[in-house]
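Take a look at the structure below.
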Amino acid sequence: MKQYWLMKSEPTEVSIDDLMAAPGQTMPWFGVRNYQARNFMRDGMREGDGVLFYHSSCAQPGVVGVAEVASTAYPDHSQFDKNSHYFDPKATQEQPRWVSVDVRGLKRTALLPLSELRQMPALEDMLLLKKGSRLSIAPVTPAQWKAIQARLAD
DNA sequence: GCCAACGTTGGC
DNA sequence: GCCAACGTTGGC
């Protein structure tokens, strides 16, 4: 059963344009250091799942593209890299803590701003929009996905 | 296991 | 830069 997700990225780190410019429009999604978000990747994500690509911590936060999950979870290489911002001294090759998945960009869309998402009745219960929600990866229901796709197609 | 202190996220 | 909300850490 195909599932849907929303994945946040700061455009100064990885933007939708960066993703679309990558070889095969595919990039490893690394640097997630939150257990709940990790568990979504590890336990929930399967190849072919739908992804809303979201720009956060920027002037105009919102959905900027559609992507898909292109691999199941595997150990996030950056946790072992001493020079990485994402290095985790408690992670070992034998017992990795953090995972990555590959994400393949499908299309860039016109910005669907957070302010408009908040006004869509179909998204009332969306995890992203809950007060205080900071998860960088959140599940999206089929109904929410449908509503957003319809709006993106406008 | 509790909880205060601290760090991070992310919209504004 | 501010600040609310949440997660993590570590002393006890």
Side-chain angles (χ1 to χ4, degrees), chain A residues 3-22 27-45 49-69 72-141 143-145 147-152 154:
Chain A
Q3 300 201 80
Y4 302 100
W5 310 93
L6 181 140
M7 300 176 83
K8 292 184 194 174
S9 182
E10 300 186 18
T12 53
E13 299 295 323
V14 179
S15 71
I16 183 68
D17 290 333
D18 295 333
L19 179 63
M20 296 311 288
M27 295 182 68
W29 201 273
F30 63 92
V32 171
R33 294 295 181 269
N34 169 282
Y35 289 105
Q36 218 180 329
R38 178 202 68 183
N39 293 347
F40 284 139
M41 284 200 287
R42 188 189 62 192
D43 306 331
M45 286 192 182
D49 280 3
V51 173
L52 297 168
F53 195 103
Y54 180 96
H55 279 175
S56 68
S57 292
C58 59
Q60 294 186 300
V63 174
V64 292
V66 179
E68 65 180 4
V69 175
T72 48
Y74 56 88
D76 178 340
H77 301 304
S78 66
Q79 70 192 303
F80 309 124
D81 178 0
K82 281 210 171 74
N83 298 318
S84 170
H85 173 65
Y86 298 111
F87 176 68
D88 183 345
K90 292 180 183 160
T92 63
Q93 295 282 347
E94 294 72 31
Q95 291 210 309
R97 282 191 161 192
W98 308 109
V99 300
S100 292
V101 298
D102 291 340
V103 173
R104 179 182 303 120
L106 297 178
K107 63 172 179 182
R108 191 188 206 291
T109 66
L111 172 74
L112 176 50
L114 176 60
S115 56
E116 285 187 32
L117 296 174
R118 289 198 187 283
Q119 289 168 24
M120 293 171 60
L123 305 183
E124 207 175 1
D125 295 325
M126 196 169 173
L127 201 53
L128 170 82
L129 306 178
K130 297 272 187 203
K131 189 169 132 185
S133 171
R134 301 178 315 175
L135 276 177
S136 62
I137 296 177
V140 174
T141 67
Q144 292 163 355
W145 176 267
I148 290 171
Q149 292 299 319
R151 180 59 79 91
L152 290 174
D154 277 352

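On a predicted model such as this, the values are computed, not experimentally measured, just so you know. Chain A is the first sequence line, chain B the second, and so forth, proteins listed ahead of strands; every chain is numbered from 1. Note that these values count all heavy atoms, side chains included, but never hydrogens, waters or copies made by symmetry.
Nearest nucleotide to the A:Leu114 side chain, out of C:dA5, C:dT8, B:dC12: B:dC12. Of the candidate nucleotides B:dG11, C:dA5, C:dT9, B:dG11 has the atom lying nearest to any side-chain atom of A:Tyr54.
Aromatic ring orientation, A:Trp145 versus A:Tyr4: parallel (interplanar angle below 30°, classes split at 30° and 60°).
Contact annotation: A:Lys131 does not reach the phosphate of C:dA4 (side-chain N/O to OP1 or OP2, under 4.0 Å).
The distance between atom CZ of A:Arg134 and atom C1' of B:dG11, rounded to the nearest whole Å, is 13 Å. When rounded to the nearest whole Å, the span between NZ of A:Lys130 and C1' of B:dG11 equals 18 Å. Taking atom CG on A:Leu128 and atom P on C:dA5, their separation rounds to 17 Å, with Å as the unit. What separates NZ of A:Lys8 from P of B:dG11 is a distance of 6 Å, to the nearest Å. If you measure from atom CG of A:Leu135 to atom C1' of C:dT8, you get 15 Å, rounded to the nearest angstrom. Spacing between atom CG of A:Asp88 and atom P of B:dT8 amounts to 13 Å, rounded to whole angstrom units. For A:Asn34 and C:dT9, the CG to P distance is 11 Å, given to the nearest whole Å. For A:Arg38 and C:dG7, the CZ to P distance is 14 Å, given to the nearest whole Å.
The number of heavy atoms from other shown groups lying within 6.0 Å of CD (A:Gln149) is above 12.
For B:dT8, the base has no donor-acceptor partner in the side chain of A:Arg33 [N/O atoms by modelled type, under 3.5 angstrom].
The shortest side-chain heavy-atom distance between A:Met126 and A:Met120 does not fall under the 4.5 Å cut-off.
Applying salt bridge (Lys or Arg N to Asp or Glu O under 4.0 Å) to A:Asp76 and the options A:Arg33, A:Arg42, A:Arg38 leaves one that passes, A:Arg33.
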